[in-house]
Participant: 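My structure is below; once you've seen it, I'll send some questions.
Keep in mind the model is a prediction, meaning the values are calculated, not measured. So that the names make sense, note that chain A is the first sequence line, chain B the second, and so on, each numbered from 1.
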Protein chains: 2
Amino acid sequence: MLEKTSSPSDLSVKALRASCSTCSMHQLCLPMGLGENDMDRLDQIIGRRRKVPRDGHLYRMNDPFTNLYAIRLGHFKTCQINAGGEQQITGFQMTGELLGMDAISTDRHHCDAIALEDSEVCEIPFQRLEELFGTMPTLLRHFHRMMSQEITREQSVMLLLGNMRAEQRFAAFLVNLASRYNTRGYSSTSFQLRMSREDIGNYLGLTIESISRLLSKFKKQELLKVNNRHIELLDMPTLKAMAAGNEVCG
Amino acid sequence: MLEKTSSPSDLSVKALRASCSTCSMHQLCLPMGLGENDMDRLDQIIGRRRKVPRDGHLYRMNDPFTNLYAIRLGHFKTCQINAGGEQQITGFQMTGELLGMDAISTDRHHCDAIALEDSEVCEIPFQRLEELFGTMPTLLRHFHRMMSQEITREQSVMLLLGNMRAEQRFAAFLVNLASRYNTRGYSSTSFQLRMSREDIGNYLGLTIESISRLLSKFKKQELLKVNNRHIELLDMPTLKAMAAGNEVCG
DNA sequence: CGTCGAGTTGATTCCTATCAATTGAGGTGG
DNA sequence: CCACCTCAATTGATAGGAATCAACTCGACG
């Protein structure tokens, strides 16, 4: 599951090291807003890049917490399993997003993180990160913003799960993906779903059949085109209105 | 809504100031694990205590973010309102818990915080708190734990809303309250609900009628006694099993 | 060509929402 | 002290949305 790292040459160690300054995600990710000097210091502590194959676990529930992970490439899902064995996907993460923050409170991971496609992350040893916080207030401040953002993200999922109808949930899901791809410089109207219908359903508190029906319905309403996992959003205004909970005459 | 603070004598200023070291919540709240010296430094920056009457707003959505608040006395609810006007209660908070962490990411509050009864909080100016972080790693670490804990709390609500049946949700809600009262040294089996049936329903993604029916059902099953807002839990093992999603023959 | 898994579509069931009526508690004022 | 009002909560009847159960399609792959 892990890539081989046995006795690498200096060169290959350097190659394996992540470098924030040359990473295309550095204006989204942890080093956001850092000067060159600070970014170098952050680079110093960041461990190797780690490749995670499709369906591979980045970490599992109850694993001891040592690293945060910044996604460099690919997509992940995080999911919780309760005592009854039911799983709930708590989020889909993409490049520039941070994984593992939920583990800080107990020093153990509270969920599984699984790659949705072949992916790559930067290991960030949390203890060393904490050492930097003392002298890098900008870094600390952005770290707090990222944790806070995770809190607000989860709150909006609570709103979605607690108050919205299936149709509204799914519209909100699509609009959210679109906006995140847009932020990353990708098309916000044409993209590949990295997750299965089952994953989407689980995340949205619906069944796979419901997701399938919603896709068909939206297709018939000419809100989108679907081809397997490729999605083209044709009517963002209506989708946004649906996601916001405004009445839409169909 | 605010208590009078006009030209107070030195003595009354001191009285208005919160003091972590004498607060009964200091082993749960932000100063957890601090030495006497550090706790004094934290005390220095903590602003006045603020009283919030029942149904009063501690802050509102979109208010600019300046303070975190530690609950000294009473109970709060936090709720989001979406564009469609629907509200979702995202949590009920009690003594020793921190309010406002979701505002760090955008410098504006993302939800309303409303007192469920006459309550009292300590104002913690976030900018000054950040200044302390540089030299108080213990404080910083515990702050991170508290944020992380909020993330995991919300994840378990996502599990609840996404996967659980009404009965299971309500059992989980009761068990969660019981455990938090237990942590605070109160009875875990006999307590007052501070929130209305409507609030409970909103939080759990159910209607007020469903909550009422569940209470009646649980009462009939002799899992609990209810008298208005007073609850007595009679069969914790069964309630816990229900919350965990284990089959319970009723 | 057959198998396997993912996804779609249809028929039916069931849980919870909705609608409606009633009860009860707390507060006010005559 | 009691009548009255109001709001919260309970209980019942019905409706509706999504789950469940089931059959089928499609594409990938050996």
Participant: Does Arg153(B) pair with Glu97(B) as a salt bridge, N-O distance under 4.0 Å?
Facilitator: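 Salt bridge: no.
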Participant: Rounded to whole Å, how long is the line connecting atom CG of Leu214(B) with atom P of dC15(C)?
Facilitator: 13 Å
Participant: Quick one: pull up CZ in Arg72(A) and SG in Cys122(A) and give me the separation to the nearest 0.5 Å.
Facilitator: 5.0 Å
Participant: Is the backbone N or O of Glu117(A) less than 3.5 Å from a side-chain atom of Ser119(A), with the two atoms forming a donor-acceptor pair by type?
Facilitator: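 Yes: the side chain of Ser119(A) pairs with the backbone of Glu117(A).
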Participant: Asp199(A) CG to dA6(C) P: how many Å, rounded?
Facilitator: 10 Å
Participant: Only one of Thr183(A), Asn182(A), Asn176(A) forms a side chain to side chain donor-acceptor pair (under 3.5 Å) with Arg180(A), so which one is it?
Facilitator: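 With Arg180(A) as partner, Thr183(A), Asn182(A), Asn176(A) yield a single side chain to side chain donor-acceptor pair (under 3.5 Å), made by Asn176(A).
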Participant: Identify the two heavy atoms, one from Ile104(A) and one from Ser148(B), that lie closest to each other, and give their separation to 0.1 Å.
Facilitator: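 Closest approach of Ile104(A) to Ser148(B), heavy atoms only: N-OG, 3.3 Å.
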Participant: Separation of Asn228(B) atom CG from dT23(C) atom P, in whole Å?
Facilitator: 17 Å
Participant: Grab the NZ-C1' distance between Lys217(A) and dT8(C) for me, whole Å please.
Facilitator: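 Interatomic distance, NZ of Lys217(A) to C1' of dT8(C): 16 Å.
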Participant: Check the orientation of Tyr181(A) and Phe191(A). Use parallel for under 30°, tilted for 30 to 60°, and perpendicular for over 60°.
Facilitator: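 Plane angle between 30° and 60°, so tilted.
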Participant: If every non-hydrogen atom of Leu116(B) is compared with every non-hydrogen atom of Phe76(B), which pair is closest and at what distance?
Facilitator: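 Closest approach of Leu116(B) to Phe76(B), heavy atoms only: CD1-O, 3.7 Å.
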Participant: Please determine which of Arg50(B), Arg48(B), Arg49(B) meets the salt bridge (charged side-chain N to carboxylate O under 4.0 Å, His left out) test together with Glu120(B).
Facilitator: Arg49(B)
Participant: Would you mind reading off the distance between Met195(A) atom CE and dA6(C) atom P, rounded to a whole angstrom?
Facilitator: 16 Å
Participant: Nearest whole angstrom, please: distance from the C1' of dG7(C) to the CD1 of Ile208(A).
Facilitator: 6 Å
Participant: When you list every nucleotide of DNA chain D with an atom under 4.0 Å from a heavy atom of chain B, which one comes first 5' to 3', and which comes last?
Facilitator: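 Endpoints of the contacted stretch of DNA chain D: dA9(D) to dA13(D).
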Participant: Which whole-number value in Å describes the distance from Leu193(A) CG to dT8(C) P?
Facilitator: 10 Å
Participant: Looking at five pairs on each end of the helix from dC1(C)-dG30(D) to dG30(C)-dC1(D), what is the angle between the two axes, given to 10 degrees?
Facilitator: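 Inter-axis angle at the ends, rounded: 20°.
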Participant: Kindly compute the distance separating CD (Glu167(B)) from CZ (Arg213(B)), expressed to the nearest 0.5 Å.
Facilitator: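 Output value for this atom pair is 14.0 Å.
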Participant: Going by an N to O cut-off under 4.0 Å, is there a salt bridge joining Lys77(B) and Asp199(B)?
Facilitator: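 Counted as a salt bridge, because a side-chain N and a carboxylate O are separated by less than 4.0 Å.
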Participant: Using only heavy-atom distances, determine whether the side chains of His230(A) and Ser190(A) contain a donor-acceptor pair under 3.5 Å.
Facilitator: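 Distance-only check passes for His230(A) and Ser190(A).
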Participant: Pick base, sugar-phosphate or nothing for Arg229(A), based on heavy-atom distances below 4.0 Å to the nucleic acid.
Facilitator: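 The answer is sugar-phosphate, as Arg229(A) gets under 4.0 Å only of primed atoms, P, OP1 or OP2.
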Participant: Any protein N or O atoms within reach of nucleotides 16-19 of chain C? Criterion: under 3.5 Å, listing atom names and distances.
Facilitator:
| from | atom 1 | to | atom 2 | distance (Å) |
| --- | --- | --- | --- | --- |
| dT16(C) | OP1 | Ala166(B) | N | 2.7 |
| dA17(C) | OP1 | Gly205(B) | O | 3.4 |
| dA17(C) | OP1 | Thr207(B) | N | 3.4 |
| dA17(C) | OP2 | Thr207(B) | N | 3.4 |
| dA17(C) | OP2 | Thr207(B) | OG1 | 3.1 |
| dA17(C) | OP2 | Ser210(B) | OG | 2.3 |
| dT18(C) | O4 | Arg213(B) | NH2 | 3.0 |
| dC19(C) | N4 | Glu209(B) | OE2 | 3.0 |

